[in-house]
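Input: a single structure, listed below in C-alpha cells.
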Amino acid sequence: MRLLVISDGRPGHANLSEGIAAAIARNQTTSVHRMDVSRGRWPGPVAAISTRSVLSDRRVLSMIYGIDPDTLPAADIVISAGSETLAANICTARVLGAQNVFYGSLRQYRASDFTLVLTSYRQSVKASNIVQAIKPSALDPDTIRSVPAGKKPEHVGLLIGGPTSGVAYSLRDWQQLSNLVIATSQELGLGWIVSNSRRTPHEATTMFRELAGNGGPVDQFIDVDEPEGIALSELFGRVDGVVCTADSSSMISESIWARRPTLALEPNTFRLTRKEMQYRSWLTQNGWFASFKAAALQAEMLLQHMAQAKPLDHNPLDNYATLLAQHLDLG
C-alpha cells in the first residue's frame, strides 16, 4: 500500500498524519513518501474555492503550491492534517486517482472531496465519511514500558505548553505549577521529567530548568529547542503518569495514546472554544483524562486523581486500523 503524507511542516500536524500512516501499516505492508507543501500568499478561502472551480487540479497544485504534478509519486492513499494541506490533499488525490484522509476541521472545504475525514469534534460530524476520533500518534505504545493499572507513580512526566487563544499564563501560574512539582517531590518522593514546547515562555523554561539536577525535584528537563533532548516517546516510557498544562489537546491526546494516567492543569485564565470543551469532555467521559485548576491542586490530591484515571486497555493503533479499514479500500 503506497502512502503519500503531505505536511505543512508543523510537528503537531505531522504527528497526526504519521499516526494514520502507522495505523494503516498495522495490517499490511506500506511504503511512505513524504511531501512538504505551502500555499504561500494564497488565502485559505481562495484555495478552498479553487478545488471546486473551473481550474484543473494540476493547475491548482502548480499555481498555489508550486508543485509540478508530473513529479508526484504514485500513491494509493493521500494523508494530511492542517488547513495548509487541504487543497493539496484534494487535488493530489484526484490527479493520482487515490483515496484521501484528512485529520482536522474542513473549514470551507467539502466532505465529499475526501474519502475519510477524522475530527476531534462531534459537532463537525455532518457527513457519513466524517468520524470523531482521538488525535492519533505515530507512537506504538507496545514498544514502551507498560504501567500496571493502579500503580502508585514513582516518576511523572510534565509537559508544559504556553499561551494560546483563550489561555494565558502569568508568572504566578508558572510558580504555582513549580511549587506543585517541588511539593510532590518533597512530600511524596515523586521524580519528575519535564519537557517544554515551542510555545513555552522563556521564563517558564528557565524556572523548570533550574529545578533539574543537583538533587532538585526534576530528574531531567527536556528543551525541545536543543537537539540532544530525548524523544517524547522515551519520556512516556520512563514515567508512570503524565501531567500536561491544559492549553494543548495534542499533548493530552499523546499522553492518553501512550496509555499513561493523564491529568491537565489549568491556569487562572482558561477559556476554550465550545468545540474544544466538547473534545475534552469526551476524553473525560471515557475516563482517560481529568482537568483541574493548578492553583487548587495539592500534592496528595495529584496522586489521588491519577489513581482514578483509566488508561487505555488496548493499543489505539489497532482501533485506528479497524476504523480506517471500515472507510478505506485497503486491498
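Along the sequence shown, residues are numbered consecutively beginning with 1. Computed from heavy atoms alone, side chains included, the values below leave out hydrogens, waters and symmetry copies.
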Within the supplied structure, the quantity of interest is the number of heavy atoms (other residues, nucleotides, ligands) at a distance under 6.0 Å from [X] [atom1]; does it exceed 12?
{"X": "Arg274", "atom1": "CZ", "answer": "no"}
{"X": "Lys152", "atom1": "NZ", "answer": "no"}
{"X": "Arg10", "atom1": "CZ", "answer": "no"}
{"X": "His314", "atom1": "NE2", "answer": "yes"}
{"X": "Lys310", "atom1": "NZ", "answer": "no"}
{"X": "Arg271", "atom1": "CZ", "answer": "no"}

[X] vs [Y] side-chain heavy atoms within contact, under 4.5 Å:
{"X": "Phe289", "Y": "Arg280", "result": "yes"}
{"X": "Leu96", "Y": "Arg2", "result": "no"}
{"X": "Asn315", "Y": "Arg259", "result": "yes"}
{"X": "Asp223", "Y": "Asn196", "result": "yes"}
{"X": "Thr245", "Y": "Trp174", "result": "yes"}
{"X": "Pro153", "Y": "Leu303", "result": "yes"}
{"X": "His13", "Y": "Thr85", "result": "no"}
{"X": "Val60", "Y": "Arg39", "result": "no"}

[X] side, atom [atom1]; [Y] side, atom [atom2] - distance, nearest 0.5 Å:
{"X": "Asp318", "Y": "Asn27", "atom1": "CG", "atom2": "CG", "answer": "7.0 Å"}
{"X": "Met301", "Y": "Thr184", "atom1": "CE", "atom2": "OG1", "answer": "13.5 Å"}
{"X": "Ser195", "Y": "Leu232", "atom1": "OG", "atom2": "CG", "answer": "6.0 Å"}
{"X": "Ile182", "Y": "Glu187", "atom1": "CD1", "atom2": "CD", "answer": "11.0 Å"}
{"X": "Met277", "Y": "Ser291", "atom1": "CE", "atom2": "OG", "answer": "8.0 Å"}
{"X": "Ser255", "Y": "Leu283", "atom1": "OG", "atom2": "CG", "answer": "11.0 Å"}

Please test Ser250 against Ser253 for side-chain hydrogen bond (donor to acceptor under 3.5 Å, both in side chains), starting from the C-alpha separation and ending with a verdict.
-> CA-CA 5 Å; Ser250 294; Ser253 299; over 6 Å; no
Flag the pair Trp288 / Trp282 as yes when their ring centroid distance falls below 6.0 Å, and as no otherwise.
-> yes
Of all heavy-atom pairs between [X] and [Y], which one has the smallest distance, and what is that distance?
{"X": "Tyr103", "Y": "Ala133", "value": "OH-O, 2.7 Å"}
{"X": "Asp240", "Y": "Pro261", "value": "O-CD, 3.2 Å"}
{"X": "Ser105", "Y": "Leu86", "value": "O-CD1, 4.0 Å"}
{"X": "Ser7", "Y": "Ala14", "value": "OG-CB, 4.2 Å"}
{"X": "Leu171", "Y": "Glu203", "value": "CD1-CG, 4.3 Å"}
{"X": "Gln278", "Y": "Arg122", "value": "OE1-N, 3.1 Å"}

Is any side-chain N of the basic residue among Asp140 and Arg26 closer than 4.0 Å to the acidic one's carboxylate O?
->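 Salt bridge present between Asp140 and Arg26.
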Hey, are Asp247 and Arg199 close enough for a salt bridge, meaning a charged N less than 4.0 Å from a carboxylate O?
-> yes
When you group the ILVMFWY residues by side-chain heavy-atom contacts below 4.5 Å and let the links chain together, are [Y] and [X] in the same group?
{"X": "Val117", "Y": "Ile79", "answer": "no"}
{"X": "Phe208", "Y": "Ile193", "answer": "no"}
{"X": "Met1", "Y": "Leu72", "answer": "no"}
{"X": "Leu16", "Y": "Tyr121", "answer": "yes"}
{"X": "Leu118", "Y": "Val32", "answer": "yes"}

Will you find, in the side chains of Ser50 and Ser53, an N or O donor that is under 3.5 Å from an N or O acceptor?
-> no
Any luck finding a side-chain donor-acceptor pair between Thr322 and Asn319 under 3.5 Å?
-> no
Test Arg58 against Asp70 for side chain to side chain contact (heavy atoms under 4.5 Å, CB included), laying out the working first.
-> CA-CA 9 Å; Arg58 297 172 66 90; Asp70 292 331; 2.6 Å; yes
Donor-acceptor contact below 3.5 Å, side chain Thr200 vs main chain Ile160 |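 Looks like yes, one N/O pair under 3.5 Å.
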Name the one of Val194, Ile144, Leu159 that satisfies side-chain contact (heavy atoms from CB on, under 4.5 Å) with Leu235?
-> Leu159
Between Ile256, Leu158, Ile252, which is the residue that forms a side-chain contact (heavy atoms from CB on, under 4.5 Å) with Cys244?
->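 Exactly one pass, corresponding to Ile252.
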Using side-chain hydrogen bond (donor to acceptor under 3.5 Å, both in side chains) as the criterion, point out the one residue from Asp8, Asn89, Asn100 that pairs with Ser80.
->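 Only one option passes, and that is Asn89.
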CA sep, side-chain torsions, deciding dist, call: Leu177, Tyr169, side chain to side chain contact (heavy atoms under 4.5 Å, CB included) = CA-CA 11 Å; Leu177 185 55; Tyr169 291 89; over 6 Å; no
Show your working on side chain to side chain contact (heavy atoms under 4.5 Å, CB included) between Tyr279 and Ile134 and close with a plain yes or no.
-> CA-CA 9 Å; Tyr279 179 60; Ile134 188 172; 3.4 Å; yes
Do Leu330 and Ile77 pass the side chain to side chain contact (heavy atoms under 4.5 Å, CB included) test, and can you show the C-alpha distance, the side-chain angles, and the key distance before you say yes or no?
-> CA-CA 9 Å; Leu330 299 179; Ile77 302 175; 3.6 Å; yes
